[in-house]
Amino acid sequence: MSLAEAIKIRFLSIMEEKEFTQYDFYTKGGIAKSTVSQVLNGTRERVAVKTIFEMVSTMEVSLNVFFDDPIFSEVED
């Protein structure tokens, strides 16, 4: 699995858990719609750490919690 795919899956998992929508990223975090869409649809091959930080912060999740998931042990690229 690619890192971008693992990031996408992890975001979707946390979003479901917190009942968070793409729209919440725009309204609560001021993150561009295109950025959120590309990350969550897996069309952005490389995701900047700053983008991940902004998105997890908007969901009130730390980077430690975000990356502390077994999905990241499946990354092969």
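Owing to the predicted nature of the structure, the values given are computational and were not obtained by experimental measurement.
The distance from the CD1 atom of I71 to the CG atom of L3 is 10.5 Å, given to the nearest 0.5 Å. For the atom pair OG1 (T43) and CD (Q38), the distance works out to 5.0 Å, reported to the nearest 0.5 Å. The distance from atom OH of Y26 to atom CD1 of I31, rounded to the nearest 0.5 Å, is 10.0 Å. In this structure, N41 CG and S34 OG are separated by 11.5 Å, a value rounded to the nearest 0.5 Å. With rounding to the nearest 0.5 angstrom, the CD atom of E5 is 12.5 Å from the CD atom of E76. Going from atom CD1 of I14 over to atom CE of M59 covers 4.5 Å, rounded to the nearest 0.5 Å.
Shortest non-hydrogen contact noted between G42 and K8 is N-CD, 3.7 Å. Of all non-hydrogen atoms in Q22 and S37, the two that sit nearest each other are OE1-CA, 4.1 Å. Nearest heavy atom pair, residue A6 against residue V75, reads CB-CG2, 3.7 Å. Here the closest non-hydrogen pair linking M15 and T21 is CE-C, 3.8 Å. Summarising the geometry of T51 relative to R44, their closest heavy-atom pair is OG1-NH1, 4.2 Å, with the distance given to 0.1 Å. Here the closest non-hydrogen pair linking V65 and R10 is O-NH2, 2.9 Å.
Note: F20 and F11 fail the aromatic proximity criterion, with ring centroids not under 6.0 Å apart.
Applying the 6.0 Å contact sphere to CZ of F67 captures more than 12 heavy atoms from other residues, nucleotides or ligands. Summarising the local packing, NZ of K18 is surrounded by more than 12 heavy atoms from other residues, nucleotides or ligands at distances under 6.0 Å.
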- request: Could you check F66 against F53 for ring pair (Phe, Tyr, Trp, His ring centres under 6.0 Å), going step by step and ending with a plain yes or no?
  value: CA-CA 9 Å; F66 181 79; F53 178 74; over 10 Å; no
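Hydrophobic clustering (ILVMFWY, side-chain heavy atoms < 4.5 Å, transitive): Y23 and L12 are in one cluster.
Judged by distance alone, with hydrogens and angles left aside, the side-chain atoms of S73 form a donor-acceptor pair with the main-chain N or O of P70 at under 3.5 Å.
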